[in-house]
Each structure stands twice: as C-alpha cells, then as structure tokens.
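What follows is a short report on a single structure.
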Amino acid sequence: MDMASTCSIDRVFLDLQSLVDNPPVMYRIPKIRAAYLDIKFLKTFVMSARKWSHCNDLYLESDNVVKKVSLPSFLSCIEDTFHKYEEDIHSLFLMLKSDARDILYVGNEVFPKFLKQIKSFKQEIIQVYFNLASSRSLESNSCMPVDELMEFIDLILQNLADLTTSNLSIFDMDPQVITQFQALEAKLTFLKSFVPFAKLRGTADIPALLLAHFEVMALNAARLCYMCSFWDDEERHNPEFCSMIYEQQQKITAVDFQVYEIYMEVLRATRSSKSLHNRMMDKQILNNFNDSLISCLWELLCCSSSFMDSTKDEMGILYAGLRFLRSILREQQEKMDEQNEKIGALLTEAGIIICSPSLNRVKEGEVSFLESTEACDCYDMLANTNIHIKHFKDQISGSSIIESLPSFHSLRVPEVSKASSHMLSKVKMPIAHEVVVGLDDEAEKVIERLLSGPEQVEIVPIVGMAGLGKTTLAEKVYNDSSIIFNFQIRLWCTVSQEFDMKSLLIQILCSNGKQSSMDEELKKLNEHELLQKLYQRLKMKRYLVVFDDVWDIKVQYGGEPHNLRPLSEKESFELLHKKVFGKEDCPQALHGLGMEIAKKCMGLPLALIVVAGALATTEHDILVWEEFAESLTSTMVSGAGQCKKSLELSYEHLPYHLKECLLYFAAFREDEKIGAKNLMRLWIAEGFVEKIEGERSEDIAEEYLMDLIGRNLVMVSENRSIGGVKTCYIHDLIFEFCKGEAKEKKFLQVLQGYDELSNFNEPPNLPRLPICSSGEDFIKSKLFCPHLDTLLLCNATPGYEFDLLNISFLFGIYKHLKVLNLDINLRLEELPTEVESLLCLRYLALTGRTMKFIPPSIAKLSHLETFCVYSGGLVSLPDSIWNMKKLRQVCVRRRVVIRFSCNDNVLENLSSLPNLDTLSNLYLSYDQEGENILRRIPNVRRLKIFNLGGQNIVCCNMSRLECLESLVLAGYSLSGSQEHVDLSFPMNLKKLCLFNLRLPG
C-alpha cells in the first residue's frame, strides 16, 4: 500500500475534521465524533503497517479460526472500505458548505454503517500489532528509519491525548487508567527526545538493536491505545481492564536491562556537539531531553521512601540542578550559545544515572536500595554529577545569564523571628464604616451622562491614578436611586489585570446575587453560549454594566473619559478626620498636624484612609502625631509613589501578628472576595493567632481581622446576618504591596502559570507556596518542594475545568505540610489512604465533585484542626474521625454522613470532639441516633443539619449545646406535615433557619 493508495483515508479524515469543527452538526450527529476518533487511531496503524508490508505473511485468528493473511492485502481491504464511503462523507462536507437541510438524515444513515465497518477490523489490527512487535523483538534491526519512527511515536502520543481528553470521545475514563496512560506518554516522550539528543551529541547512527527496542516499545504502545479506543464505558471501569492496562504499561520500558548497556554506550560515546539544524533547534533538543529527564527523576522521587536518605538527598539536588539547567536553556540564545556544549555533557551524565537499572528496580519495588549491590556506585555517580552541575552554576554565576534568571533560583530564606507574644491592640479602634467625601459633584456628572445619553450603548470610562476613588465613585453611581429607577438591569464585574473571557462572562451573569445557584450550571457552557445567554438577558432592556478595575487602555477609552479629580486639602482633612475621630471633634492641639498630614497625602483617598487607620491606633498625643507627620514627610514622594509610601508607613506601625495576617492576603487572587471564616481558619492553622487560655482561637482571629479592617487595610465586602464579616478583600494597591513585601520578606512565594512553575526550585526554608495555575500546568511542571509548610493551589481560570486524577504523589512529596488547600477539582471517589503520611497537617481543604468516601486512616492526622470537602454529593466520614480531638472545623458541601461502628450506640463508648466549633452540612435523622451525635460535639457554635428524609417524626433536643450560636435545620419539601415535632434549642442561639421540615401550621 503506497502513499497514493492512502488518499481515500486522508480525504475522509479531512472531511470528518471539518464536520467535527462544526458543533451544531457534531452534536446532532454524534457518530461523527466517534468516526473521527476511530480514523485517527486507524491512521496510526496504517502509517506503521506500511513499513512492514514486505514482511512474511501473518497468522491471524478470527472466530476461533487461524488464517494466513498478507499484510498488503489487509491494508488494501481497509483502503477499499474508505473508498466505498468516501463519496458519501464528502457529500456531507459539501452539504455543510451549502447549509443543506438533509445533512442530518444522510449523516445518521451513513455513519452507523461506516463505524461498523471500521470496528470489523479491530481484532485483526490488534493481532497485527502483536505479531509485528513479536517479530521485531527477535531481530536486531529496525524496519523504520529514525525519522519515520519519530513520526510514528508522534501519532501514538496524539492517540494517547485523544484517549484522555474529555472534550472528544472518552468522557468517563477511570482515573487510575488515565494515570497509566500519562506514564506511558512520559516513556514515549523520553524516546522522542533521546534520539535527537544522541545525534546532537555526535552519535551519527543509533545502534540497530536500540532502535529495534524502541520500535517494539512503540508498537506495543500503539496496540494498547488501539485496544482501549474500542472499550465501552462499562468495560473501562472494570477492575480487570484497569489491571490489564497497568500490566501492559509496566511491560513497556524506554530503557530496559537488555538495552541499558547500549544506551549507556551511546551517551558515553558522544563527542563534541555538532549542530544538526540551527542554534535555536539545538537548544530545543537539549531542552526536550532535559524535560524528559526531569519527568523520569520526578517519578523516582515520588517513591523516594525506598531509597537511603543520603541517596534521596542527592536525587533531590540533581532534580534542582536539572530544573536550573532548564531555566538556563530558556534564556536568549545569544547569551547561551557557548554553554550548550557543557549543558549537553551534564545531561549525558544525568541520563546515565536516571535510567540506571539499580534506581529503576527500586522504583518498581523489585528491591530496596539497601539491598542493591550497585548502591554505592550509583550514589557516587549522583554526587559527582551534582558537583559538576554546581561547578557549572558557579562558572556562570557572575555572568549576565544568571543575572537574568528568576530571582527565586537563589532565594535564601532566613527564619523570621517572632515577637514574644501576639498582643491584641488595645488602642481605640478606628472608624470602620464607609466614609465618602468629595464625590457628590463627580457622581452627578456621571449620572447625568448615563441618563441623558444616546439610545445606543454609552461607555463612560472613569479614569485616574490608583487610589483616587474610581471604584467608590462607580459604587455611588451604581446604587443611586435614579439609576436604579431608570435601568431595568444592573450588573457588576471586576476585570483585574489578568482575566479570561469565560470567567468574566460568568461573573457578569451571576452579579445579580444568585451566584451560588447559577455558577455551576454556567461553568458547563462555552463562551459562545454564555454570550448568547447574556445577550438574551440584555436584549430590549435598558441596562447598566460596570466593569471595575480595567487595565486595558483600549477598553478604558471606549468613550469620552471622565477624569476623576483628587480631593482638595479641605476634603482631604475632612476624610482623615471622619476616619480617625468619627463624629467626635478633632482635638484643637492636633488640628494643625492633621491638616499637615492630610496635605501630604496629595488628595488620594486610599492614602488618606490608610494613614487614618495608622493614626487611629496611635495615642492622640502631640509628640506622637509630630513623629508620625515627620516620618510621613520623609517617606512621601510625589507622583505614583505616595500611596505605596503611606502603605509602608502603615505596615510598619502594625503589631507583628497583624503583619503576618495582612501579608497572607497575597496568597489569594487579586480582587478576590475572601470568606472571612476560611481566612481566619488559615491564620489559625498557620500559627499566626495567639493561643490564650479560656478563649477560642476563632474569636481571637476575628479580633485580628476587625483590627485590620479598622486600620482601613482590609475592606468588608459582605456582612453576616448575626454580626461580623462574611467576606472581605483588599485594594489593588494593598494587594500589590503585600505581594512585594511577602516575597521580599521570604514570607511566601506566589507562582502563576507554567513558566514560573516549571522554572521554580524550592529555596531553603520557604514556608508557603500559593499557586494560581491550571491543574494541567501543575501536573506538567513536576514541582518538587518537599520542605514546604503550606501549599495552596487554585485554578487560574475557574471557568475551565481540568481534573486532577491522582493526588497520591502530593502525599508522597509534601510530608511536612501544615496547610494543604486544593481548590481544583479532584476526580476521585475516595481520598487516597496515603493522606495519613501528612502527620503535621492542621488544615486540609479539597474540591472533588465525585468524592464520596474519606478513609479511616485520616484519623492519623492527629493535629488536623480544619477539614473541608467541597463535593457534589454525599460524603461519608469514617467513625475514626471521633478520635481526632483537635478538630475545630468540619465543613462538607453538599452533605456529610458520619458512620458508626457496631458498638457506638452504647453511651459509655461514645467519644467526642470537644474542640469542634463548626460542623456542616451534617446529614442525620432527627431521632435518638441523631442526638447521640450531638452529644459528641458539646461545644459546637455553628451547625448545619440536613434530614435523612422519609420520617414522620422530628425529635431533636439541642438545648444541651449551650455554645450554639447559629443553627440551620433542613429537610425535604414533601407534602403534608410531620406527625410529631419536638425541638428544643439553647438559650445562646443567635441565628435559626428552618427549611422544609413540614412543621404543622
């Protein structure tokens, strides 16, 4: 079968590609998608089989009958099938162009038959792959030239991607199976990078035996992909299928014991690098091989408990060294050309070690490293390579290359000495309510433009320097009674410096206050569908949409700008006075100093309120205010720096414990509305909150938050119904200040996107690492920071879903964590038992829509204080949770049920959680069993309970919960009322919500 004879397959494939790219057609003719994917797998087979068409006849089994088949004739049979349907499928493509209405009828007629024909080749193709791999393993020569072997591997990698990509065919692949496919992908990627690297290093011809091994590996991988492409959903979740995939994947090894000596000879025989293409291409070859080595070494490190500590340490040093080389290779070529030779030599050394049989036998669990006779040799090789990399790093440390690298490659973090105690501020709290000065005339101008503008869309950009009050003015206009009366729809969204269109559209559509109910549904829609939804909402209506915090100047100047003026000196002092003294008069002795300080803020409201926050917490004494005015004068500058300098001064006046709490805001997204309760739980877990006998940590943390709010450094977004703050945020300028200060003080390091993740090496003593990234980039980066105390992972694009299928590696690497927050979807039904290795953990928050079970081993986390699971269904907690005496918060969305052991109904056997402060959303019966659970949480303050349903009796005595302040009781909205209701509540209750209990009227 020559190249010309494959035209039918290629033409059919191109036509199907056009049909798949048309969503309306694809969704109405679902078989198109299946046919498109089947052909992709078939094209891989045809491409490889062509190379062996000269081989001897094959013996294939069909219907228990073995028959001799000629490979060329079998390929011709496939071609004939495509030729038979080529005209019909092409006619569908032409109908697409002409928008013909009968495309659905023809498509639903053609594709079922076409798919049936393709599937009829399944068993023969699998057997051909097997026979070809078997015959290759007996020979020392490869049939494929190197370039075609690389092309074959590329096609297999694409097939693997198709198997695991949710927006194509296989929507519900078992996570363990996908993990095996990812491991196979890493092996093939290594092969693809090794051959060009060896050639670049001077190996003219790769030994035939090594190429034959690579060929066999590729054939087995292709066969496995082809097999999996035809399994249905039920088969793919069968444990036998998962075991088969694991066994087959384990047999496919990039460098096994038989070829390791040859592989090592190829690397050791390399001579001086000779450019094969051009400098940029050579650098890419080095980078690709280095990335593959990083991936292989990361896999070894994930099972590093099998290695001796000394070897484990050297492996970690080598890993950091390879990531350092990665950052060097990503620099501009003109700076690095002379270093490529040395980097190639270092990668050669690393490649010999990482693929050594002794290390990989330990990885596969065949032998412990202590038993390995090659242990000493391997350790020496690791140590020597690390010395060579360090020597290379030292050589370039004074060059312009190293100076241009990200600063976190050379971070050295000293331990921050803490103050002897966290003393709560006893000074008079500043005025925390919203104070607006000098915006009435500005608001009138904007309102006039909006009400008297043209019938077409009117854009009113409010422009001015940071901290001038643009958002405050927009809020004043947005909530004005005349605006509310004249606009049927008002929507608000915050854009920020970095945003994606989908999450922005979701934010706009949810800005009417119904976010919790709409958000999940909207995330399922694409951008086009969201735009249509927004269009339908706004169509034929008078609407106002506010885009806050817009940085793109093209958007800002879509209309005539409204330039916001600074406050006058009089207005500045008025704002300062109100924020410091409220309705009280300013002491006459401080009036002049107050005027001077207000003047230095240069009319910027943000600078004024931050300075007011600092003044309000100092003594109202002339000498103190004079010193403050002097320090303000010495630090203030004209232009854009005045807000930053006022922030620095206010920050310096904070007690130590509040500095930690404020800098922690840098761990969140810009403009994020942060849940106050969760923020305070994190502060407690981090150890920022002083433990005072007789007081709850939550109360002390709330005082800290109110102190920061009172100092005008934190702003309230929403209040709780029973008092206190529900959500809060910080101004953009304060956020940027916190990020910069946190990095400078080595308090935390924020990583965003793949580039920062892939170049990052853990500096010594780095305590916290917030990561804002897609789950895909997080996995690809192979981050290895085993000494972290805090890992916070959030999705950079909330509207885009990428599921983490396996998190066991986290528990293997980050064993010193105190705080772990995974705000990214985990596609797991059960939390892995390896979680028990995080013995220091105090805070654990997970998002997993399919999560149902928490293993009993979680009770080994004896220091855990906060446990949150955001799930789409019912989550079952083990009865061992009653042994976790330090638990303070258990929050599960949507529902949680706690299982009992067989003797738990005996009252004497009941163990309790004496420190539990919050429990939600508990699923239990309002009966005796429910009361037994309540006895176990005697000091709970916030409780949400959901009825199991199906009962006609509601009987629950909660009066013994004397600390209870907030209670939510909910049931099912069934018709009729309960036969018997007996509820009793404690005296301290501040909030009571009853839903669907069918109480009698």
Side-chain angles (χ1 to χ4, degrees), residues 431 433-497 504 507-508 511-512 538 541-579 598-599 601-612 638-640 642-643 646 671 712 715-717 729 731-733:
I431 308 303
H433 64 265
E434 187 67 28
V435 176
V436 179
V437 171
L439 289 181
D440 290 341
D441 59 327
E442 300 281 345
E444 286 177 10
K445 294 175 185 176
V446 176
I447 292 170
E448 175 65 22
R449 283 185 61 177
L450 292 174
L451 297 182
S452 62
E455 292 186 5
Q456 294 79 18
V457 173
E458 169 80 349
I459 299 176
V460 183
I462 300 174
V463 300
M465 65 185 299
L468 200 53
K470 299 183 292 295
T471 300
T472 304
L473 173 59
E475 288 173 343
K476 189 176 179 67
V477 171
Y478 186 81
N479 293 312
D480 185 84
S481 58
S482 62
I483 292 294
I484 296 172
F485 179 77
N486 281 279
F487 289 93
Q488 298 162 283
I489 296 177
R490 294 177 305 130
L491 302 172
W492 183 293
C493 74
T494 304
V495 180
S496 303
Q497 292 187 61
L504 196 64
Q507 187 188 158
I508 295 171
S511 67
N512 60 355
L538 302 181
K541 293 183 177 70
R542 188 171 170 84
Y543 58 85
L544 171 66
V545 182
V546 177
F547 294 91
D548 186 30
D549 197 20
V550 176
W551 288 72
D552 190 337
I553 195 167
K554 294 177 183 176
V555 178
Q556 286 183 353
Y557 288 94
E560 182 67 28
H562 177 90
N563 293 287
L564 186 58
R565 63 171 177 82
L567 298 180
S568 66
E569 289 185 16
K570 181 181 177 182
E571 290 169 334
S572 295
F573 178 71
E574 182 185 352
L575 179 58
L576 186 75
H577 173 271
K578 288 182 176 180
K579 294 299 289 185
K599 183 178 179 181
C601 292
M602 305 180 74
L604 287 173
L606 179 62
L608 284 159
I609 64 171
V610 168
V611 166
S638 60
Q642 54 263 54
C643 275
S646 63
D671 295 315
N712 303 315
M715 288 171 275
V716 178
S717 176
Y729 67 103
H731 191 279
D732 292 348
L733 285 179

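As the structure is a prediction and not an experimental result, all values here were calculated from the model. Keep in mind that the numbers below use all heavy atoms, side chains included, and drop hydrogens, waters and symmetry copies.
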Is there a side-chain contact between [X] and [Y] in this structure, where contact means two heavy atoms from C-beta onward sitting under 4.5 Å apart?
X      : Y      : value
Pro605 : Thr472 : no
Leu473 : His562 : yes
Trp492 : Asp548 : yes
Leu606 : Asn712 : no
Tyr543 : Val457 : yes

*Where do Arg490 and Asn479 land on the side-chain contact (heavy atoms from CB on, under 4.5 Å) test, with the steps shown first?*
CA-CA 9 Å; Arg490 294 177 305 130; Asn479 293 312; 3.8 Å; yes
Heavy atoms only: give me the nearest [X]-[Y] pair and the separation to one decimal.
X      : Y      : value
Leu567 : Leu575 : CD1-CD2, 3.9 Å
Val550 : Val495 : CG2-CG2, 3.8 Å
Ala443 : Lys476 : CB-CD, 3.9 Å
Arg542 : Asn486 : CD-O, 2.9 Å
Ile447 : Ser482 : CG2-OG, 3.7 Å
Phe487 : Leu544 : CD2-N, 3.7 Å

_Intermediate values then yes/no, side-chain contact (heavy atoms from CB on, under 4.5 Å), Thr471 and Glu475_ = CA-CA 6 Å; Thr471 300; Glu475 288 173 343; 3.9 Å; yes
*Could you walk me through whether Glu574 and Lys570 pass the salt bridge (Lys or Arg N to Asp or Glu O under 4.0 Å) test, one step at a time?*
CA-CA 6 Å; Glu574 182 185 352; Lys570 181 181 177 182; over 6 Å; no
*Pairs meeting criterion salt bridge (charged side-chain N to carboxylate O under 4.0 Å, His left out) with involvement of residues 457-470, two or more places apart*: Arg449-Glu458
*Nearest 0.5 Å please: distance from the CD atom of Glu571 over to the CG atom of Leu608.*
10.5 Å
*asked:* Let me confirm one number: the NZ-CG distance from Lys445 to Leu564, rounded to the nearest 0.5 Å.
replied: 9.5 Å
*asked:* Is it true that, when you exclude Gln488 itself, more than 12 heavy atoms of the residues, nucleotides or ligands shown sit nearer than 6.0 Å to its CD?
replied: yes
_Testing the 3.5 Å rule here: is there a donor-acceptor pair between the side chains of Asp549 and Thr494?_
no
_Verdict with supporting geometry, Ile609 and Met715, side-chain contact (heavy atoms from CB on, under 4.5 Å)_ = CA-CA 11 Å; Ile609 64 171; Met715 288 171 275; 5.5 Å; no
